[in-house]
Amino acid sequence: MQQSGKFITVEGIEGAGKSTAVKYIQEYFLKKGKEIIVTREPGGTPVAEEIRHLLLNPHTKEIIDPKAELLLMFASRAQHIAGVISPALSAGKWVICDRFVDATYAYQSAGRGLDAKWIALLEKFVVNNLSPTLTILLDIEPALGLARSRRRGPQDRFEKETVEFFEKVRHAYLELAQQHKKRFAIINAAESLSAVQTQLQDALHEL
(Lines give C-alpha, C1' and ligand atoms only; values in the text may rest on other atoms or scores of the structure.)
Protein backbone atom coordinates (compact mmCIF):
# COMPACT_ATOMS: atom_id res chain seq x y z
CA MET A 1 0.00 0.00 0.00
CA GLN A 2 1.30 3.43 -0.92
CA GLN A 3 1.14 5.71 2.10
CA SER A 4 2.39 9.22 2.71
CA GLY A 5 1.03 9.58 6.25
CA LYS A 6 2.39 8.10 9.48
CA PHE A 7 0.76 5.24 11.38
CA ILE A 8 1.16 5.28 15.16
CA THR A 9 -0.25 2.54 17.37
CA VAL A 10 -0.64 2.53 21.13
CA GLU A 11 -0.55 -0.78 22.98
CA GLY A 12 -0.71 -2.01 26.55
CA ILE A 13 -2.83 -3.94 29.00
CA GLU A 14 -5.93 -2.58 30.71
CA GLY A 15 -5.23 0.34 33.02
CA ALA A 16 -1.99 1.32 31.30
CA GLY A 17 -3.41 4.71 30.27
CA LYS A 18 -3.82 4.24 26.54
CA SER A 19 -6.69 6.71 26.17
CA THR A 20 -4.74 9.44 27.95
CA ALA A 21 -1.66 8.70 25.86
CA VAL A 22 -3.63 8.77 22.60
CA LYS A 23 -5.01 12.19 23.52
CA TYR A 24 -1.52 13.49 24.31
CA ILE A 25 -0.11 12.15 21.02
CA GLN A 26 -2.98 13.71 19.09
CA GLU A 27 -2.41 17.12 20.69
CA TYR A 28 1.36 16.84 20.17
CA PHE A 29 1.06 16.40 16.42
CA LEU A 30 -1.84 18.83 15.99
CA LYS A 31 0.47 21.51 17.38
CA LYS A 32 2.95 20.57 14.66
CA GLY A 33 0.33 21.07 11.95
CA LYS A 34 -0.37 17.43 11.15
CA GLU A 35 -3.79 16.24 10.03
CA ILE A 36 -4.71 13.58 12.56
CA ILE A 37 -7.14 10.67 12.57
CA VAL A 38 -7.71 8.97 15.94
CA THR A 39 -9.25 5.51 15.88
CA ARG A 40 -9.32 2.24 17.81
CA GLU A 41 -9.44 -1.54 17.62
CA PRO A 42 -11.61 -3.42 17.70
CA GLY A 43 -13.80 -0.76 16.10
CA GLY A 44 -13.23 2.34 14.03
CA THR A 45 -16.15 2.00 11.60
CA PRO A 46 -19.88 1.39 12.22
CA VAL A 47 -19.61 -2.30 11.30
CA ALA A 48 -16.38 -2.75 13.24
CA GLU A 49 -17.94 -1.07 16.28
CA GLU A 50 -20.78 -3.60 16.16
CA ILE A 51 -18.17 -6.36 16.27
CA ARG A 52 -16.47 -4.54 19.17
CA HIS A 53 -19.70 -4.68 21.12
CA LEU A 54 -19.88 -8.45 20.57
CA LEU A 55 -16.28 -8.90 21.71
CA LEU A 56 -16.35 -6.66 24.78
CA ASN A 57 -19.89 -7.22 26.07
CA PRO A 58 -19.48 -8.62 29.61
CA HIS A 59 -23.11 -9.75 29.74
CA THR A 60 -23.06 -12.21 26.85
CA LYS A 61 -24.58 -15.52 27.97
CA GLU A 62 -22.57 -17.51 25.46
CA ILE A 63 -18.86 -18.19 25.95
CA ILE A 64 -16.98 -16.92 22.90
CA ASP A 65 -14.62 -19.57 21.60
CA PRO A 66 -11.04 -18.25 21.29
CA LYS A 67 -11.01 -19.08 17.56
CA ALA A 68 -14.25 -17.15 17.07
CA GLU A 69 -12.77 -14.26 19.06
CA LEU A 70 -9.70 -14.25 16.80
CA LEU A 71 -11.78 -14.26 13.62
CA LEU A 72 -14.00 -11.48 14.91
CA MET A 73 -10.93 -9.40 15.69
CA PHE A 74 -9.68 -9.77 12.13
CA ALA A 75 -13.14 -9.19 10.64
CA SER A 76 -13.27 -5.89 12.51
CA ARG A 77 -9.70 -5.11 11.43
CA ALA A 78 -10.41 -5.79 7.75
CA GLN A 79 -13.30 -3.33 7.82
CA HIS A 80 -11.23 -0.82 9.79
CA ILE A 81 -8.27 -0.90 7.42
CA ALA A 82 -10.45 -0.61 4.32
CA GLY A 83 -12.73 2.08 5.71
CA VAL A 84 -10.41 4.28 7.78
CA ILE A 85 -6.72 3.47 8.05
CA SER A 86 -5.68 2.93 4.43
CA PRO A 87 -7.64 5.90 3.00
CA ALA A 88 -6.28 8.23 5.70
CA LEU A 89 -2.66 7.17 5.21
CA SER A 90 -2.98 7.43 1.43
CA ALA A 91 -4.28 10.98 1.87
CA GLY A 92 -1.20 11.91 3.90
CA LYS A 93 -2.97 11.96 7.27
CA TRP A 94 -1.38 10.72 10.47
CA VAL A 95 -3.32 7.87 12.04
CA ILE A 96 -3.19 7.19 15.79
CA CYS A 97 -4.75 3.83 16.63
CA ASP A 98 -5.55 2.45 20.06
CA ARG A 99 -4.37 -1.18 19.52
CA PHE A 100 -3.56 -3.02 16.30
CA VAL A 101 -2.12 -6.42 15.31
CA ASP A 102 0.33 -6.59 18.23
CA ALA A 103 -2.66 -6.77 20.56
CA THR A 104 -3.89 -9.89 18.77
CA TYR A 105 -0.59 -11.67 19.30
CA ALA A 106 -0.59 -10.61 22.95
CA TYR A 107 -4.23 -11.34 23.81
CA GLN A 108 -5.37 -14.12 21.50
CA SER A 109 -2.06 -16.01 21.21
CA ALA A 110 -0.35 -15.49 24.58
CA GLY A 111 -3.52 -14.85 26.57
CA ARG A 112 -5.90 -17.35 24.97
CA GLY A 113 -3.29 -19.89 23.94
CA LEU A 114 -3.91 -19.87 20.19
CA ASP A 115 -1.01 -20.80 17.91
CA ALA A 116 0.63 -17.63 16.61
CA LYS A 117 0.92 -19.18 13.14
CA TRP A 118 -2.83 -18.71 12.62
CA ILE A 119 -2.56 -15.06 13.58
CA ALA A 120 0.36 -14.63 11.18
CA LEU A 121 -1.72 -16.22 8.41
CA LEU A 122 -4.66 -13.89 9.06
CA GLU A 123 -2.30 -10.93 9.34
CA LYS A 124 -0.90 -11.69 5.89
CA PHE A 125 -4.41 -12.05 4.45
CA VAL A 126 -6.04 -9.02 6.10
CA VAL A 127 -3.24 -6.58 6.91
CA ASN A 128 -0.81 -7.41 4.11
CA ASN A 129 2.21 -5.09 4.35
CA LEU A 130 0.61 -2.37 6.47
CA SER A 131 2.80 -1.81 9.53
CA PRO A 132 2.93 0.96 12.14
CA THR A 133 5.60 3.61 11.79
CA LEU A 134 5.84 3.68 15.58
CA THR A 135 4.29 1.55 18.31
CA ILE A 136 4.03 3.01 21.79
CA LEU A 137 3.93 0.26 24.42
CA LEU A 138 2.64 1.46 27.76
CA ASP A 139 4.10 -1.08 30.16
CA ILE A 140 2.67 -1.63 33.63
CA GLU A 141 2.42 -4.41 36.20
CA PRO A 142 -0.93 -6.17 35.67
CA ALA A 143 -1.99 -5.87 39.32
CA LEU A 144 -1.56 -2.08 39.17
CA GLY A 145 -3.16 -1.79 35.75
CA LEU A 146 -6.21 -3.80 36.77
CA ALA A 147 -6.58 -1.79 39.98
CA ARG A 148 -6.63 1.38 37.89
CA SER A 149 -9.12 0.03 35.35
CA ARG A 150 -11.48 -1.24 38.05
CA ARG A 151 -11.62 2.21 39.62
CA ARG A 152 -13.04 3.56 36.34
CA GLY A 153 -16.31 1.67 36.64
CA PRO A 154 -17.97 -1.37 35.01
CA GLN A 155 -15.61 -3.88 33.44
CA ASP A 156 -15.82 -5.22 29.90
CA ARG A 157 -15.28 -8.88 28.99
CA PHE A 158 -11.50 -8.56 28.78
CA GLU A 159 -11.12 -6.42 31.90
CA LYS A 160 -12.75 -9.23 33.87
CA GLU A 161 -9.84 -11.55 33.09
CA THR A 162 -7.39 -12.64 35.80
CA VAL A 163 -4.05 -11.12 36.74
CA GLU A 164 -2.44 -14.32 35.41
CA PHE A 165 -4.03 -13.73 32.00
CA PHE A 166 -2.58 -10.22 31.86
CA GLU A 167 0.83 -11.44 33.01
CA LYS A 168 0.92 -13.55 29.83
CA VAL A 169 -0.28 -10.61 27.73
CA ARG A 170 2.30 -8.25 29.19
CA HIS A 171 5.11 -10.76 28.66
CA ALA A 172 4.06 -11.17 25.02
CA TYR A 173 4.06 -7.42 24.48
CA LEU A 174 7.58 -7.13 25.89
CA GLU A 175 8.73 -9.98 23.65
CA LEU A 176 7.24 -8.24 20.62
CA ALA A 177 9.04 -5.04 21.59
CA GLN A 178 12.33 -6.95 21.70
CA GLN A 179 11.66 -8.51 18.30
CA HIS A 180 10.82 -5.13 16.71
CA LYS A 181 13.10 -2.71 18.55
CA LYS A 182 13.14 -0.13 15.75
CA ARG A 183 9.33 0.15 15.77
CA PHE A 184 8.59 -0.01 19.50
CA ALA A 185 9.04 2.59 22.21
CA ILE A 186 8.46 1.20 25.71
CA ILE A 187 6.95 3.68 28.17
CA ASN A 188 6.93 3.09 31.92
CA ALA A 189 3.22 3.63 32.51
CA ALA A 190 3.50 3.21 36.29
CA GLU A 191 5.12 6.64 36.61
CA SER A 192 3.33 9.95 37.12
CA LEU A 193 1.36 11.53 34.28
CA SER A 194 4.02 14.19 33.71
CA ALA A 195 6.77 11.56 33.63
CA VAL A 196 4.80 9.44 31.15
CA GLN A 197 4.25 12.49 28.94
CA THR A 198 7.97 13.26 29.00
CA GLN A 199 8.70 9.71 27.83
CA LEU A 200 6.06 10.04 25.11
CA GLN A 201 7.52 13.33 23.93
CA ASP A 202 10.97 11.76 23.63
CA ALA A 203 9.54 8.90 21.55
CA LEU A 204 7.43 11.15 19.32
CA HIS A 205 10.27 13.59 18.72
CA GLU A 206 11.98 10.90 16.62
CA LEU A 207 9.17 11.21 14.06
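We count residues from 1, following the sequence as given. Every value quoted in this text rests on a predicted model; they were computed, and no experiment measured them.
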Tyr107 vs Phe166 aromatic rings, parallel, tilted or perpendicular, using cut-offs 30° and 60°?
perpendicular
What closest approach, in Å, do Ala16 and Arg148 show between heavy atoms, and which atom pair accounts for it?
O-NH1, 4.1 Å
Would you say Ile136 and Ile37 are hydrophobically clustered, going by side-chain heavy atoms of ILVMFWY under 4.5 Å?
no
Flag, side chain of Ser109 to backbone of Asp115, donor-acceptor distance under 3.5 Å
no
Please walk me through it: do Phe29 and Leu204 pass side-chain contact (heavy atoms from CB on, under 4.5 Å)?
CA-CA 9 Å; Phe29 286 120; Leu204 298 175; 3.8 Å; yes
Modelled atom types, side-chain donor and acceptor of Thr135 and His180, under 3.5 Å
no
Taking every non-hydrogen atom, the tightest pair across Tyr24 and Gln197
OH-O, 3.5 Å
Would you say the side-chain atoms of Thr133 pair up with the backbone N or O of Phe7, donor to acceptor, closer than 3.5 Å?
yes
Looking at Thr198 and Ser194, would you say the former's side chain and the latter's main chain have a donor-acceptor pair under 3.5 Å?
yes
Hey, could you give me the CG/OG1 distance between Leu134 and Thr9, rounded to the nearest 0.5 Å?
7.0 Å
Could you give me the CA-CA distance, side-chain angles and deciding distance for Leu176 and Leu137, then say whether side-chain contact (heavy atoms from CB on, under 4.5 Å) is met?
CA-CA 10 Å; Leu176 286 165; Leu137 174 58; over 6 Å; no
If you group Ile, Leu, Val, Met, Phe, Trp and Tyr by side-chain heavy-atom gaps below 4.5 Å, do Leu114 and Phe125 land in one group?
yes
What distance do Ile81 atom CD1 and Gln79 atom CD have between them, rounded to the nearest 0.5 Å?
10.5 Å
Give the cluster check for Ile51 versus Ile85: same hydrophobic cluster or not, with ILVMFWY residues linked at side-chain heavy-atom distances below 4.5 Å.
yes
Does Pro142 offer a backbone N or O that forms a donor-acceptor pair with the side chain of Glu167 under 3.5 Å?
no
Is any side-chain heavy atom of Arg40 less than 4.5 Å from a side-chain heavy atom of Arg52?
yes
CD-NE2 distance between Gln201 and His205, expressed to the nearest 0.5 angstrom
8.5 Å
Ala185 and Ala203: which non-hydrogen atoms are nearest, and at how many Å?
CB-CB, 3.8 Å
Correct closest heavy-atom pair for Ala21 and Val10 would be CB-CG1, 4.5 Å
Salt bridge check, Glu206 against Lys182: does any charged N sit closer than 4.0 Å to a carboxylate O?
no
Answer with yes or no whether the side chains of Glu49 and His53 bring together a donor and an acceptor at under 3.5 Å.
no
Would you compute the distance between atom CZ of Arg112 and atom NZ of Lys168 and round it to the nearest 0.5 angstrom?
10.0 Å
Taking all heavy atoms of Val169 and all of Ala106, pick out the closest pair and write down the distance.
CG2-O, 3.5 Å
Could you grab the distance from atom CD of Gln155 to atom CG of Leu146, nearest 0.5 Å is fine?
8.0 Å
Could you tell me whether Lys31 sits above the aromatic face of Tyr28, with NZ or CZ closer than 6.0 angstrom to the six-membered ring centre and within 45 degrees of the axis?
no
pair Val196-Thr20: side-chain heavy atoms closer than 4.5 Å
no
Taking Arg170 as the fixed residue, which of Glu141, Glu164, Glu175 is the one that meets the salt bridge (charged side-chain N to carboxylate O under 4.0 Å, His left out) rule?
Glu141
Nearest 0.5 angstrom please: Phe165 CZ to Lys160 NZ, how far?
14.5 Å
Between Lys32 and Leu207, is there a side-chain heavy-atom distance shorter than 4.5 Å?
no
What do the steps show when you test Leu71 against Leu122 for side-chain contact (heavy atoms from CB on, under 4.5 Å), and what is the final call?
CA-CA 8 Å; Leu71 292 169; Leu122 288 166; 4.1 Å; yes
Quick one, Tyr105 and Glu123 - any side-chain contact, counting heavy atoms below 4.5 Å?
yes
Ion pair Glu14/Arg99, N-O distance below 4.0 Å
yes
Quiz item: cation-pi between Arg77 and Phe74, 6.0 Å / 45°:
yes
Which atom of Gly5 lies closest to which atom of Trp94, heavy atoms considered:
CA-CD1, 4.4 Å
Count I, L, V, M, F, W, Y as connected when their side-chain heavy atoms are under 4.5 Å apart, and connections chain through other members. Are Phe100 and Met73 then in the same cluster?
yes
Just by modelled atom types, is the Leu130 backbone N or O under 3.5 Å from a matching donor or acceptor in the Asn128 side chain?
no
Can you check side-chain contact (heavy atoms from CB on, under 4.5 Å) on Gln199 and Glu191, steps first, answer last?
CA-CA 10 Å; Gln199 294 176 74; Glu191 294 191 357; 3.4 Å; yes
Co-membership, hydrophobic cluster, residues Ile25 and Val38, 4.5 Å side-chain:
yes
